[in-house]
Structures are given as C-alpha cells and as structure tokens.
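Please read the structure below before turning to the comments.
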Amino acid sequence: MYATRPEARPATVEVLVDGVAVLVPAGASAAAAVLLAGSAAIRETAVSGAPRLPYCMMGVCFDCLAEVDGAANVQACMVPVAPGMRIARQLGARDALMPEAGR
Amino acid sequence: MSFDLAIIGAGPAGMAAAVEARALGLAVLVVDEQPAPGGQVFRAVEAAHGDAVLGTEYSAGLGLVESFRRSGATYRPGTTLWHLDPDSGEMSLTPGGPAVARRVLLATGAQERPVPIPGWTLPGVMGMGAAQIMLKTAGAVPSGRVVLAGQGPLLWLLAAQLQRAEAPPSLILETTPKGRLAAAFRAGGWFSGRGLLLKGLGLLRETRGLPVQRAVTGLRAEGEGRVQRVAWDGGSAECDTLLLHEGVVPATHIPLALGLDHAWDAAQQCWRPVVDALGASSHARVAVAGDGAGIGGWQAAVASGQLAALDAAHRLGRLTLDGLAQRAAPLRRMRAEALALRPFLDALYAPVAAPVADQVLVCRCEEVTAGQVRAAARLGAQGPNQAKTFLRSGMGACQGRMCGATVARIIAETRGVAPETVAPLRPRAPYKPLTVGQLAGL
Ligand code: FES
C-alpha cells in the first residue's frame, strides 16, 4: 500500500480503479494509481491464477499488465494517468499478446 | 523521417549525447518510452525537483533536462522501439510511425537485478527502484511496515529519502556478507573516488537511527495473497511492503537482440555489450552509452553519451579526427573520475550468488521454478535459449528480462560450468510484446 504526500504532490486527477474513483497526482502511472488505491492485485496470472501487483514500475517485469480504458494487456506502469481513465484488473488473458514475432 | 543520429533513451547518456550532437550540427532523433526526459535516475525531475526528500543530486538533473529540451533534437516521448534493422538504420516506432538514421545510439540504461527469493511474486514485494519511481512520479511512499532487503548504494539512498518523507523503513536487512568492507578497501579506488564515497557515508550517517540486520542470508517473503512477513536465517518480521535490491545490471535486451558482441562482466556478474572508448559496438552503425554499456552511474553516463555523440559526428564527416581527439580528452578524464569508485563498490556489493531453492519461481511470467530449470539442465538444456523451448521460461510477456540471467546461472551451476560459458538468452523482435491492435497500427 502507498500513500501520497499532498504537500509534495497534490492528488488532482480522478481515475477509476476497478470501478472505484481514486484521486492521484498528475504524472503518476496507471500502475501507481492501482498501488495508491490499495488494490489486492492488478492482474491474475494466466498459468496459476496467482494475484500480482506491479513489481518494477519501469517497464521490465510486465507484472502490471492490466486493462486500461478497455484495452487489455496494457503495461500500466508505462501509461500516465488521465482524468477519467478506467483501470481494471486483468484475469489471466494473454491471448492477444505476441511476445515474439512468429508465434 | 530521416536523421543523422537516433538516440534510444532520454536518460543522462541519451540527453547528453543529444545536446552534444546538436551542437555539432547533427539532425538528432531521441526516442523514449517515458512521458518526460530524465531516465530512471532523473525520472520526472521537471515535476518533482522541488520535493526536498529526493535530495540535491536529483534536482541537479534539471539542468541537463533543460539543455536537452533546448537542444533542437526531435524528441518523441512515450514512444516504443519495436524493431531496429541495424544494416539499414530503419526503426519501427509507435506511436507515430517509422524513422531512419545513419547512426544509432542505444542509451537504454539499466534494470534492477532480479532477486529470485521465495515469495518474491507476492503482491507487496517490489524492487527498491520501483519505490523510488513512486516517490519521483507521484510523491508517494509505502505505508505501513516497510522492510528494505538487499544491498547497494540505492538501498541507503532510498532509506534516507523515506526517512525524510517521514515514512522510514521499519527494518533494513542488508545482505552484504561480512568481510566485504576490507575487500573493498583492498580493491582500491576509494581515494580517487572519495567524493562519491563521502556522499555514501553521509547517507549512512543520516540513516544511522534505523534498525539494521547485517549479513542476512536465506531471505524469503511469506503471506497469504500478499506479503505479510519477511523471514531470514535466524529471524522474521511482519511487513506490509518488502522492497528488494541487489544492484542494477545493463538493460541488454535490445543489444542482445541485435546480435551485438557481449562480454561477461565478472565483477558485476552480468553481460555487457562490447564497446570501444567512444561507445562504438561490434556493429558499424550502432553505439551504446551509459549504464547500458556497463554500470557506472549517471555522471559516467553523461560523459559516455557525449563521447558517443562526438564519434557519430566524426563518422558522419562533421568533426575532424583532430577535433574528435581534442574534445574527447577532457570527457574521457571526466568519465574516469566518475568511475574511480567502481572497484571499491564492485567489491563491497558483489552480487551474492546464493543458491535459488527449487520451489522458487524464477520466471514470473510463465511461472517456471528453479527446480524445473535444474531438471531441464540435467536433460541437456545447455542454456536459457534451450530452457525456453523446454519450459517456456523467457517466452512470456517480459521476454526473459526478469528470468534470463537467473536461468543461465542455474544451468551453469547444474552443469558445473563457468557462467560466461553459457550463452545469454537471445531476445527477438518485437522488443516489447505487441497486442493485435498495435500490430495493426505498425
Ligand atoms: S511494473 Fe514492471 S513492467 Fe510495469
């Protein structure tokens, strides 16, 4: 769980995390919004259904794959929040993802 | 769009290279995945430089970002490089379409070294770099009981920053084995690198009130559905957030995919692209600068970025050989000074090669355990490229960024061979996984 420090960065952008409105600072990523919302998970793994939250926040681990504004498999730590953005937990889906050419 | 020099990455090396190359009259493209320049070290510095908890070294990055903004380079933030054809200089980029460049500089920086301990996939376990990004991009701090576990300069910087933000860690578990400090002084570099050393000592002094356990082994994260406890050989503590760090390694994903020559860095236990003094790689069009060519920190990255820009100008006929030599000399001195403390740091914080227990997930994406990798090695998998076909490790969304090095290490141990004899995972394009929608847009 994370908390903002309003004295440093006021939370001014309202987004929806799994349908619940959360105020986050401008410049935060969609993954940061999920952490600030206190969600239990941002995705469940395709193999075992285990819950995950963002791990690296810098585009390396892909544990932040979520549904952002209806699009699946978005690397949420790489997307800055925008007013009204809808961020939803992703359940196992990986069908639309092509890690390598020729698969 | 056609350019003299395309720079991938807008961190210290990429920004410095762009400024230098523009000053020499080159048409420069800078592509970066982040929404604003700065890289990870100066991430979001334009928005956060006034936040005192981040420290003065961080705010000093603002000057570099401002000169980059003024440089006249074509800057494409929020843009991903999917593919580069080094022979033609053609790049597939989204959003915004392709570009071509006569020379390409990879300045893609570093990633945190993965720390595969039991339970590291539990929600609430993160890299220390991730917590720093929360601080820089959102001003946010972990709440509740926060434990920092691992080693390296970043651990003490983060501890100090969290303490300044009145969210100090409840416990620090340092994994540096006993006797390392003496080894570090023997390795040398501390006198010529004393400026940086003093800065480090300042952080230690600032955080001396925090509870620390030293020479910790056997780290594991435990909990139901999320981390609730961290345990180690001889102890355990409740925690809500566990932040791990065992140093950083070059982000070799694109250089390896391009087939650039790499060398094993024994001190830092990682692969790095082979480059000459000006950053030129084994491919005639491609250079690598900054931490991506070997971990040296942001000051060394700035100098190496400038050197690579001079080399590009020379190769493209905009700078004579004499001019190159003249301008390169002071930059090479600056870089050597910035790297002076490296032998000391490398010896002090040498990665601890603790065996990874069989049940630990080494591949977070496809959920492959260390035991499965060992079994594959016994069945004849020579390295991570074979393990991938056996087990799918490296075939998931991260394309091996998180598991490649661990899989290689486990296979080397199982086969009883030196790590440098196991070829690293060879990634393929696209450099990031594509969704069907993105593919249609290319
Ligand atoms: S949190 Fe690791 S890729 Fe987004």
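Quick note on labels: first sequence line is chain A, next is B, and so on, each numbered from 1. Here the structure is a predicted model, which means the values were calculated and not measured.
Residues B/R43 and A/M57 approach most closely at NH1-O, 3.7 Å, considering heavy atoms. Contact detail for B/G225 and A/P51: the closest heavy-atom pair is O-CG, 3.9 Å. Summarising the geometry of A/S48 relative to B/E367, their closest heavy-atom pair is OG-OE1, 2.7 Å, with the distance given to 0.1 Å. Counting all heavy atoms, side chain and backbone alike, A/Y55 lies closest to B/V125 at CD1-O, 3.3 Å.
Counting heavy-atom pairs under 4.5 Å between each of B/G144, B/P142, B/A140 and chain A puts B/P142 at the top. The most heavy-atom pairs under 4.5 Å with chain A, out of B/V146, B/I133, B/T241, B/V141, come from B/V141.
Between the B/E33 side chain and the A/G59 main chain, no donor and acceptor come within less than 3.5 Å of each other. A/R52 contributes a side-chain N or O that, together with a main-chain N or O of B/R364, makes up a donor-acceptor pair within less than 3.5 Å.
Of the two parts of B/A167, neither the backbone nor the side chain holds a non-hydrogen atom closer than 4.5 Å to a non-hydrogen atom of chain A. Neither the backbone nor the side chain of B/A251 comes within less than 4.5 Å of any heavy atom of chain A. Interface remark: B/A44 contributes no atoms to any contact with chain A (heavy atom separation under 4.5 Å). With a 4.5 angstrom heavy-atom cutoff, B/A36 does not touch chain A via any of its atoms.
Residues A/F62 and B/R401 have side chains in contact (heavy-atom distance under 4.5 Å, counting atoms from C-beta outward). With contacts defined as side-chain heavy-atom distances shorter than 4.5 Å, the pair A/L35/B/M126 qualifies.
Applying a 4.5 Å heavy-atom cutoff, the residues of residues 2-13 of chain A that approach chain B are A/Y2, A/A3, A/T4, A/R5, A/A8, A/R9.
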